[in-house]
S.K.: 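Submitted below is the structure of interest, expressed as structure tokens.
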Amino acid sequence: MAELTWPRHALSIGVFEFRRSVRALWQDKARLTLMAFGMVIPSLLTLAVTIVFADAIRNIEEFAVPDMVRGMVALFWLFGVYLIAQRVVSARPRINAESLMLTTVSARTVAFGLLVAEMLRILAYAGFPILVLTGVSVFLLGSPVSLILLPVAAVLFAATVVVAGSAVGYAVALLVATSPFVARHKTILGTAATLLAMGGYFLFLYPQISGLSQAALAWVPIGWLADLAVVGTPFVGSSLRAVGVIAGSAALLIVGGLLVERETAVFWFIEPVSPDTEGSVSEQTAEKENLRPATRDSLAAAVTPLVVPRFVSTPVQRVAEWALMRTRRDPNRLMFLLIPVFAIGSPLVSTAVQSGSIGALGAPLTAVALPWLVGSLFAMNPLGDEGAVLPVTLTAVSGDHYVRGLIVPGLVFGLPIILLVTGLAGLVSPYTIGEQLGLVILSGYLTVVAVTISPAIGMAFPRFSAISVGQSRDVLPPRMTAVAVHAVLVLLPGALLAALLVAPRVARTVLAGVFGFVPTIVLELLNSSPDGIGILSTAAGAFRAVGENILAIGLDQLQIIGGGATLIGGILCSYILYQNAVHRFNRYVPL
Amino acid sequence: MPRIETSELTKRYGETLAVDRLDLSISEGSVYGFLGPNGAGKTTTMRLLTGLTRPTSGTGSIAGVPITDRDGLRPHLGYLPEEPPLYEQATAYEQLEYVAGLRDLPERATQERINTLLDELDLTADATTRIADYSKGMRQKTAYIQAVLHEPDVVFLDEPTSGLDPRAARTIREMILDLADSGTTVFLSTHILPVVEEVADTVGILSDGQLVAEGDPETLTQRAETGDTQTLEDVFLELTSTDPAADVEATDG
Ligand SMILES: Nc1ncnc2c1ncn2[C@@H]1O[C@H](COP(=O)(O)OP(=O)(O)OP(=O)(O)O)[C@@H](O)[C@H]1O
Ligand SMILES: [Mg+2]
């Protein structure tokens with residue numbers, strides 16, 4: 001009986017889970033907005049380009065799909081698999097309402113339901129762009145079959161990514177749950193895996209770094225989805241590959257599905273090994289004997305070898321130790337930060353390597369990026385991290401103490417390291433002693449700012465668990481919005497200050513460009529119709545004037561006034577956000 | 001045939017022996033009060049009997065189905081765990097209908113049953129509110145309905161009255177007796193001893209994973225040699241004491 005109904009139940013679990021995530025997203029307006037932008041802007045851009053170039057597209061000549069396109073599809077697919085796997089491992093390897101679901105339907109039904117939900121999430125996100133592309137294909141390229149084949153290619157892409165990613169993800173989760181070695185070293189192993197995956201991705205995405213091109217991935221059969229998607233259009237793919245990829249995807253879905261079923265059937269019914277039980281027995285008994293609060297400071301022991309200095313008051317020290325311990329025991333937080341580091345860092349580094357200016361770029365990059373990293377390490381989601389303890393914390397500690405406690409780890413442990421590293425990077429750079437010293441001071445200043453402003457930002461955009469099931473769960477990663485806001489507040493002014501210090505001319509050009517010439521160009525492009533609109537050309541003229549005025553400012557003047565204003569702004573911003581964080585904590589009403 | 005049967009059922013978590021060679025035999029339509037101090041292994045026993053975790057050794061069966069056969073087990077049992085397994089983003093109605101759908105219950109009849117149960121537990125007015133906004137007791141009630149909705153052969157209730165107001169707690173006690181009358185076997189774990197005294201046919205006391213006493217409440221509270229009556233609380237405290245002297249006294253009682 002159950003054998004016949006499980007697909008239907010899996011589908012209804014998928015739809016229910018999907019609706020649940022939509023509701024959760026709906027309540028998180030900042031994330032919703034961000035996602036909406038991420039979804040609408042690419043579609044609108046595509047739409048705009050299509051409209052502008054409609055005639056050109058219509059008259060496009062036939063040409064063969066280049067290998068690079070297949071390789072690109074394969075690259076995105078591989079990256080998608082990595083992302084899904086990471087989601088499975090870090091966010092929710094075990095399910096919500098586990099005891100209910102597993103006593104109501106089979107583990108297989110739940111597993112497939114979750115796969116369906118994940119596909120629905122991807123398709124909801126990519127639905128609009130796919131629609132636009134399909135429209136272009138059908139109406140402009142005159143390919144009615146695209147109405148079916150393009151969405152089919154997209155669905156196959158999503159389905160295979162989800163199934164393959166989940167199969168990998170559950171396999172990793174199973175490994176973490178069963179191997180004490182992996183469990184104990186999951187932070188370091190996870191970071192290594194992330195570095196590898198991200199590194200590989202950007203190596204292929206920016207061929208100039210490695211000389212590898214996306215075409216090198218064209219052999220990966222999943223890239224043949226490109227051949228399927230273009231059937232009927234002037235882009236000529238291989239029809240053998242188009243058919244092959246359908247069969248191949250089907251095979252992958254079946255094998256991957258079986259794997260996921262097997263893995264979850266084991267994983268959801270075992271108790272994960274504890275990373276701490278491996279210690280020697282004598283050590284454990286010693287720990288038990290000494291556990292009396294009066295004789296041993298277990299919280300301080302948990303963060304050794306780091307020691308929070310005693311000159312801060314006890315509540316501050318406790319909060320600081322707690323923040324340290326959380327960061328140490330939670331690998332997700334670091335991984336989450338590595339993504340932007342790579343997204344921004346790798347093209348920068350590749351440019352630097354190519355132009356042979358790695359030394360010149362290294363020191364300022366260290367002086368700006370490291371403070372940001374340390375600033376976002378401890379307090380990007382302080383309230384959410386408290387979890388069920390939050391009401392207790394709110395009533396136990398004053399806002400002043402709490403916020404200071406969150407700031408202390410970054411200052412005590414981050415600051416010395418940053419000063420040292422920036423100093424070393426300066427030594428191998430071509431800059432004068434004065435500039436090197438300036439960069440070291442700048443890194444210190446930025447660290448103080450980055451660390452001080454993070455509690456307010458983290459509290460303004462908290463992320464709480466949706467539900468806690470009996471099983472222990474890892475700390476939540478911070479909200480993307482919080483990380484983004486913090487990064488913008490630290491990195492942009494930081495970069496400006498570093499540029500003013502070591503390359504004021506570049507800084508001036510960039511400022512003139514951002515505030516003057518780029519808007520000018522955009523406005524003039526918009527105004528390119530034959531009988532231009534008056535307002536637009538006036539505005540373009542005004543922006544051009546701004547740009548020219550900025551270029552006319554003396555470098556000394558710019559350094560002193562621009563730099564001074566930014567420095568003071570940073571201090572003001574830190575002060576205000578510190579007060580704001582204290583205020584937020586004192587007035588916070590937990591849900 | 002007994003509805004719940006175990007033989008030498010054992011569960012080990014690393015060094016911890018959570019359930020130690022447990023032998024149970026519980027018949028149809030009876031209410032089994034499962035007592036024991038915190039950490040005695042009550043929840044673990046329920047997780048074993050519901051197939052949520054595998055025994056380290058020993059066997060068990062529910063309505064004749066071995067507890068390792070999860071697919072066979074599922075239709076026979078309902079489970080209310082310590083932590084109500086609910087979806088914050090759903091309303092009580094949505095959650096109950098969802099679960100009913102997953103169990104393939106007939107729609108019309110289930111609808112009526114849901115309404116009746118919601119009514120009896122005073123939850124109708126809130127049934128269309130998101131569970132995220134529920135109080136502890138309201139969650140508990142929703143989870144209870146969810147556990148008995150499909151009229152299973154065996155219901156496992158882990159602290160069913162926790163967080164309930166006196167009226168709701170009374171309703172649940174009556175519901176448990178009704179369930180037993182209709183042939184359902186109720187496996188009940190609670191720390192509220194008067195509840196056990198009122199509803200349980202048999203009481204089992206677990207201590208450090210071992211069943212240290214079993215019997216109907218009257219027999220348990222009789223002292224064989226003197227003929228005095230004790231309260232269930234006295235018996236509990238005596239049997240589960242870590243003081244060796246009390247153990248001796250208990251075993252010769
Ligand atoms: N997943 C697990 N991993 C390791 N040990 C566990 C796990 N679950 C339970 N235990 C241990 O098994 C023992 C029994 O726990 P259990 O939850 O069954 O107790 P309980 O009788 O339900 O207690 P309470 O009255 O507090 O609910 C405890 O020592 C507990 O630490
Ligand atoms: Mg328990």
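To find a chain, count down the sequence lines: A is the first, B the second, and so on, and within it residues start at 1. Just so you know, these numbers use all the heavy atoms, side chains as well, and skip hydrogens, waters and symmetry mates. Owing to the predicted nature of the structure, the values given are computational and were not obtained by experimental measurement.
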S.K.: Take a 6.0 Å sphere around CG of D208(B) and say whether it holds more than 12 heavy atoms from other residues, nucleotides or ligands.
M.R.: no
S.K.: Salt bridge check, E94(B) against R23(A): does any charged N sit closer than 4.0 Å to a carboxylate O?
M.R.: yes
S.K.: Should we say atom CZ of R262(A) is surrounded by more than 12 heavy atoms from elsewhere, each under 6.0 Å from it?
M.R.: no
S.K.: Contact between T53(B) and E271(A) at the side-chain level, heavy atoms closer than 4.5 Å - yes or no?
M.R.: yes
S.K.: I need the residue from R70(B), R54(B), R130(B) with the largest number of non-hydrogen atom pairs under 4.5 Å to chain A.
M.R.: R70(B)
S.K.: Could you tell me which non-hydrogen atom of S99(A) sits nearest to which non-hydrogen atom of Y79(B), and how far apart they are?
M.R.: CB-CE2, 3.9 Å
S.K.: Could you work out, with side-chain hydrogen bond (donor to acceptor under 3.5 Å, both in side chains) as the rule, every residue matching D158(B), not counting sequence neighbours?
M.R.: T43(B), S189(B)
S.K.: Between Q146(B) and chain A, which part of the residue has a heavy atom less than 4.5 Å away: side chain, backbone, both or neither?
M.R.: side chain
S.K.: Does H9(A) use its side chain to pair, donor to acceptor, with the backbone of G101(B) at less than 3.5 Å?
M.R.: yes
S.K.: Do you know which of L80(B), L77(B), V99(B) has the most heavy-atom pairs with chain A at a distance under 4.5 angstrom?
M.R.: V99(B)
S.K.: Rounded to the nearest 0.5 Å, what separation is found between the OG1 atom of T50(B) and the CG atom of L102(A)?
M.R.: 9.5 Å
S.K.: For L102(B) and R8(A): C-alpha separation, side-chain torsions, deciding distance, then whether side-chain contact (heavy atoms from CB on, under 4.5 Å) applies.
M.R.: CA-CA 9 Å; L102(B) 293 182; R8(A) 189 163 52 81; over 6 Å; no
S.K.: How close do S106(A) and D71(B) get, counting heavy atoms only, and between which atoms?
M.R.: CB-OD1, 3.5 Å
S.K.: Donor-acceptor check, side chain of R74(B) to backbone of T103(A), threshold 3.5 angstrom: yes or no?
M.R.: no
S.K.: Can you label the angle between the Y98(B) ring and the F16(A) ring as parallel, tilted or perpendicular, going by 30° and 60°?
M.R.: parallel
S.K.: Does the side-chain contact (heavy atoms from CB on, under 4.5 Å) test come out yes or no for R19(A) and Y87(B), once each step is laid out?
M.R.: CA-CA 11 Å; R19(A) 274 181 36 207; Y87(B) 293 105; over 6 Å; no
S.K.: Kindly compute the distance separating CD (E97(B)) from OG (S12(A)), expressed to the nearest 0.5 Å.
M.R.: 12.0 Å
S.K.: To the nearest 0.5 angstrom, please state how far the CD atom of E88(B) sits from the CG atom of N96(A).
M.R.: 9.0 Å
